Amino acid sequence: MLYDITFATPLGPLRVAECQGAIVQIQFVQENAEVLADALHQETPLLLEAKRQLTEYFAGERKAFSLPLKAEGTAFQKQVWQQLEQIPYGETRSYGEIAREIGNSKAARAVGSANHCNPIAIVVPCHRVIGATGKLVGYAGGLEIKRSLLELEQHGRAVASTDNLA
């Protein structure tokens with residue numbers, strides 16, 4: 001059974017879903033977002049724990065998560081997502097660096113594609129991946145949110161704004 005909740009964060013509404021005792025989705029809710037038709041919209045102990053940990057993260061009180069995760073994807077996507085979890089809080093890596101770290105130095109674009117398909121935002125920190133020149137590129141939640149998440153991790157505050165996008 002799939003359960004989900006949506007709650008307010010400083011950067012907008014966030015949807016968290018669980019299935020069979022594991023978090024399967026954390027996504028910012030965009031206007032015209034696809035609804036999880038099969039989900040029961042109800043709180044479970046795991047969803048409440050995820051909400052608590054994410055709330056602490058947004059308050060600058062949490063740097064690591066301890067949630068059971070189960071992301072659906074290809075073997076390559078899962079390899080990339082596992083590597084994303086190794087990026088320390090407050091640090092970034094380029095798509096090329098991730099490609100090299102997984103042993104496929106020519107796969108930077110494929111890493112970008114896998115990064116884009118990450119269903120578990122924030123906890124699997126795809127926002128920490130940037131372009132080779134240091135520029136913020138691509139984020140399913142939008143570049144404003146990506147910049148704000150990086151700002152939160154580097155300076156302890158998240159500000160959703162289009163000012164100073166790198």
Side-chain angles (χ1 to χ4, degrees), residues 1-93 98 102 111-130 136 138-161:
M1 181 62 64
L2 183 67
Y3 300 94
D4 78 338
I5 59 171
T6 300
F7 63 96
T9 75
L11 301 179
L14 197 63
R15 177 184 296 130
V16 182
E18 85 157 273
C19 185
Q20 299 176 347
I23 298 298
V24 296
Q25 183 188 66
I26 300 175
Q27 298 293 317
F28 285 97
V29 179
Q30 305 294 322
E31 197 172 317
N32 303 323
E34 183 179 318
V35 176
L36 296 174
D38 296 340
L40 288 176
H41 310 294
Q42 81 181 51
E43 296 177 336
T44 67
L46 177 56
L47 291 175
L48 290 174
E49 177 60 18
K51 178 180 177 180
R52 183 184 70 78
Q53 289 188 29
L54 287 159
T55 299
E56 291 172 354
Y57 169 83
F58 283 111
E61 300 167 356
R62 177 175 287 275
K63 295 181 179 180
F65 295 92
S66 57
L67 297 167
L69 307 176
K70 185 176 183 199
E72 293 296 324
T74 67
F76 179 80
Q77 287 171 331
K78 289 177 182 180
Q79 183 182 24
V80 170
W81 300 336
Q82 288 172 347
Q83 193 61 44
L84 298 180
E85 291 183 83
Q86 304 308 309
I87 305 171
Y89 180 93
E91 294 185 22
T92 59
R93 299 289 185 274
I98 297 295
I102 64 169
V111 166
S113 179
N115 205 44
H116 177 75
C117 294
N118 172 25
I120 304 176
I122 303 170
V123 176
V124 178
C126 53
H127 62 278
R128 295 181 188 153
V129 184
I130 60 175
L136 298 188
Y139 187 66
L143 290 181
E144 289 181 29
I145 289 177
K146 182 174 187 164
R147 186 194 55 76
S148 292
L149 292 170
L150 293 172
E151 180 77 12
L152 168 68
E153 293 185 8
Q154 293 169 356
H155 305 290
R157 56 189 164 86
V159 180
S161 168

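Throughout, numbering of the chain's residues begins at 1 and tracks the sequence. Treat the numbers as computed from the prediction; the structure is a model and nothing was measured. Computation of the quantities below employed the complete heavy-atom set of this structure, encompassing side-chain atoms and omitting hydrogens, waters and symmetry-equivalent molecules.
Between I98 and V80 there is a side-chain heavy-atom pair separated by less than 4.5 Å. Within the 4.5 Å cutoff, no side-chain heavy atoms of I87 are placed close to those of T92. Within the 4.5 Å cutoff, the side chain of I130 has no heavy atoms near those of the Y139 side chain. In this structure the side chain of I5 never reaches within 4.5 angstrom of the side chain of T44, judged on heavy atoms.
Judged by distance alone, with hydrogens and angles left aside, the side-chain atoms of N118 form no donor-acceptor pair with the main-chain N or O of P125 at under 3.5 Å. Looking at Q154, its side chain never comes within 3.5 Å of a backbone N or O of E151 through a donor-acceptor pair. Distance alone, capped at 3.5 Å, is enough to place a donor-acceptor pair between the W81 side chain and the A114 backbone.
Within 6.0 Å of CD on Q42 lie more than 12 heavy atoms contributed by other residues, nucleotides or ligands.
Screening L84, V16, I26 for a side chain to side chain contact (heavy atoms under 4.5 Å, CB included) involving I120 leaves a single residue, I26.
By the side chain to side chain contact (heavy atoms under 4.5 Å, CB included) test, K70 pairs with A22, V24, E72, sequence neighbours left out.
A salt bridge links E49 to R52: one of the charged nitrogens lies within less than 4.0 Å of a carboxylate oxygen.
Here the straight-line distance linking atom CZ of F28 with atom NZ of K146 works out to 12.5 Å at 0.5 Å rounding. Separating the CZ atom in R147 from the CG atom in L136 is a distance of 8.5 Å, to the nearest 0.5 Å. Expressed to the nearest 0.5 Å, how far SG of C126 lies from NE2 of H116 amounts to 10.0 Å. From E18, atom CD reaches atom CG of L47 across 4.5 Å, with rounding to the nearest 0.5 Å.
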Assess whether side chain to side chain contact (heavy atoms under 4.5 Å, CB included) is satisfied between F7 and L54, documenting all intermediate values.
CA-CA 10 Å; F7 63 96; L54 287 159; 4.0 Å; yes
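Closest approach of L149 to H127, counting heavy atoms only: CB-CD2, 3.6 Å. Summarising the geometry of P68 relative to G21, their closest heavy-atom pair is CG-O, 3.3 Å, with the distance given to 0.1 Å.
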Validation: residues 57-67 side-chain donor-acceptor distances under 3.5 Å, sequence neighbours left out:
residue : atom : partner : partner atom : Å
Y57     : OH   : E153    : OE2          : 2.7
R62     : NE   : E56     : OE1          : 2.9
R62     : NH1  : A64     : O            : 2.8
R62     : NH2  : E56     : OE1          : 2.9
S66     : OG   : Q53     : NE2          : 3.4

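Counting only residues at least two apart or in different chains, salt bridge (Lys or Arg N to Asp or Glu O under 4.0 Å) contacts with residues 74-91 comprise E91-R93.
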